[in-house]
Student: 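Handing you this structure, nothing more for now.
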Amino acid sequence: MTGDTAAGWFQDVDPGDTEGARAAIEDGSADGPADWPGLAVEADFAADEDDYYSRLRAATLRAATAASRERERADDNQLTHSLRAMDDARRTANELAERVAEWAGSLGWPEDAAAVADREPGEPGERRLVALATRVRSLEEEAAALRGHVERTAPSVAPNLSALAGPILAARLVSLAGGLEALARKPSGTLQVLGAEDALFAHLQGGAPSPKHGVIYTHEYVRGTDPAERGSAARALAGKLTIAARVDHYSGDRRATLDRELDERIERIRTRGDG
Amino acid sequence: MNLPEGVQYRTIGGDRTLATRGPQVSDESTDEGWRAWDPGRSKLGAMLDAGMETGLTGGETVLYLGAAAGTTPSHVADFAGPTYAVEFAPRPVRDLVAVARDRDRLFPLLKDARRPETYAHTVEPVDTIVQDVATRGQAAVALENRQFLREDGRLLLAVKARSEDVTREPEAVFEAATAELEEGYELLDRRRLDPRHEDHLAVVARPR
């Protein structure tokens, strides 16, 4: 709004305008503090100090409620959208690349979409093929850009979960759970098999073995652990990721001790496997 | 012992405890309008319980940085005057708002304590700054917010060693933080809050 030190949040706000007051608290700024209660009374914004504080109270309550709700909703929701868009872009690019390869092969061309995109088309049919290959290339570029975006934003939405799981897996868990709050409410056994719902239902209907891991399989601590100890590793990882998601949702603090505890726990499991 | 007006030791539910008068916030025990203030869950409570000279007398204007879900700010607002509570994480602010709804002069602000210009248009000069932020650069936050403190005001600061650097010895972290703090403050008292608050240093200072 203004950097003028003499301008308090109430400067351009009509005393009855609650929405204007909310916006002024949220978006305004000043170079430094001043005797705002006194100035507000002088400016006839408030009748007296008590009146000023009641107005300030109403405005700050409204601003804090709206801003926290909006930010809470916005952040994990946006992360989920970017991750799903990244998956869609990649899956579609792969699908179209297969079509390009098949078509290019029939013409005796190299089958790689990037190479096809660089060719000089002759006939109308070739023109369509080259155009399709350029779409594949730009979709791949978009998938990479979306991945970069997810990697940059996940740590601000879920700092601890991103540190422990890596930003992509963190975003995937948030997405599968349907939000950070939903993830924070899940027991660790559920987080452990998120993404393995098909296998889980097959198990619950009888016959199939219970899945030991869902998407957390992509984590080095599961995939890189000896198969005999993999279930323990998945359980330990899921336990720490659950705590990380809860800290991220309920407090927002970064707790570096979690990283160390997880490292030590996996170390113990792996050494046990060696012995 | 210098407790501010409005803070007392009371026997509540059979336990002797610090207490303030105000609406209940969560599951703390209460008795005749007094509510227990657990120094094990509040760094400011621990500072008062340890007998530190906080300069708090009751009724003062307070800027609280790192208000979290509002547990300690609720006790402050019980005995102090206008209390501006700054917290940056949206989830705890939801609880802070609920606490503030039950109190007349507790003002919740979803703001970053590292960017005072974003709330200087709302916060008036104060008698006391209480700071309990779990980010790196805690001394820098105190220095940047010094502009809110009246000349004879007090900074009541809890430095969390682990927020600065988990790998360094807490005492080394505290030395660095207090040295930086002295660029703008005169340190009046410092005390470790262990074992109640592990690796935390409490500091009382006044602006120089």
Student: Sort B/Ala68 into side chain, backbone, both or neither according to what part of it lies under 4.5 angstrom from a heavy atom of chain A.
Tutor: neither
Student: Going by ring pair (Phe, Tyr, Trp, His ring centres under 6.0 Å), name the residues that satisfy it together with B/His75, two or more places apart in sequence or in a different chain.
Tutor: B/Trp37
Student: Is atom CD of B/Glu186 surrounded by more than 12 heavy atoms (other residues, nucleotides or ligands) closer than 6.0 Å?
Tutor: yes
Student: Non-hydrogen contacts under 4.5 angstrom with chain B: give the residues of residues 42-62 of chain A involved, or none if there are none.
Tutor: A/Asp50, A/Tyr52, A/Tyr53, A/Leu56, A/Arg57, A/Thr60, A/Leu61
Student: For residues 134-143 of chain B, pull every pair meeting side-chain hydrogen bond (donor to acceptor under 3.5 Å, both in side chains), keeping only residues two or more places apart or in separate chains.
Tutor: B/Gln138-B/Glu164
Student: Evaluate whether atom CZ of B/Arg41 has more than 12 neighbouring non-hydrogen atoms of other residues, nucleotides or ligands under 6.0 angstrom away.
Tutor: no
Student: For B/Ala120 and A/Ala30, which heavy atoms make the closest approach, and how far apart are they?
Tutor: CB-O, 3.6 Å
Student: Please examine the side chains of A/Asp31 and B/Glu117, heavy atoms only from C-beta on, and report whether any two atoms are closer than 4.5 Å.
Tutor: no
Student: At under 4.5 Å between heavy atoms, what parts of residues 167-185 of chain A are in contact with chain B? List them by residue number.
Tutor: A/Glu181
Student: If I measure from the heavy atoms of chain B, does A/Ala67 come under 4.5 Å with its side chain, its backbone, both, or neither?
Tutor: both
Student: Only pairs of heavy atoms separated by less than 4.5 Å count here; which of B/Pro116, B/Pro92, B/Ala98 has the most with chain A?
Tutor: B/Pro92
Student: May I ask you to test the B/Leu109-A/Glu26 pair for a side-chain heavy-atom distance under 4.5 Å?
Tutor: no
Student: Taking A/Ile25's backbone N and O only, do any of them form a donor-acceptor pair with B/His121's side chain (distance below 3.5 Å, no angle check)?
Tutor: yes
Student: Give, as side chain, backbone, both or neither, the part of A/Arg260 having an atom under 4.5 angstrom from any heavy atom of chain B.
Tutor: side chain
Student: Hey, is CZ on B/Arg168 packed in by over 12 heavy atoms from elsewhere, all under 6.0 Å?
Tutor: yes
Student: Using non-hydrogen atoms only, which part of B/Pro125 is less than 4.5 Å away from chain A: side chain, backbone, both, or neither?
Tutor: both
Student: May I ask you to decide if B/Val123's main-chain N or O and A/Trp9's side chain share a donor-acceptor pair within less than 3.5 Å?
Tutor: no
Student: With respect to chain A, which residue among B/Leu110, B/Leu106, B/Val126 yields the maximal number of heavy-atom pairs within a distance under 4.5 Å?
Tutor: B/Leu110
Student: Picking from B/Lys111, B/Glu124, B/Arg162, B/Glu87, which has the most non-hydrogen pairs under 4.5 angstrom with chain A?
Tutor: B/Glu124
Student: Looking only at non-hydrogen atoms, find the nearest pair between A/Gly32 and B/Gln147 and report the distance.
Tutor: CA-OE1, 3.4 Å
Student: Between B/Tyr84 and chain A, which part of the residue has a heavy atom less than 4.5 Å away: side chain, backbone, both or neither?
Tutor: side chain
Student: Applying side chain to side chain contact (heavy atoms under 4.5 Å, CB included) to B/Arg101 and A/Thr65, what does each step give before you reach the verdict?
Tutor: CA-CA 11 Å; B/Arg101 281 195 196 286; A/Thr65 305; 3.3 Å; yes
Student: Is the CD atom of B/Glu5 crowded by more than 12 outside heavy atoms at less than 6.0 Å?
Tutor: no
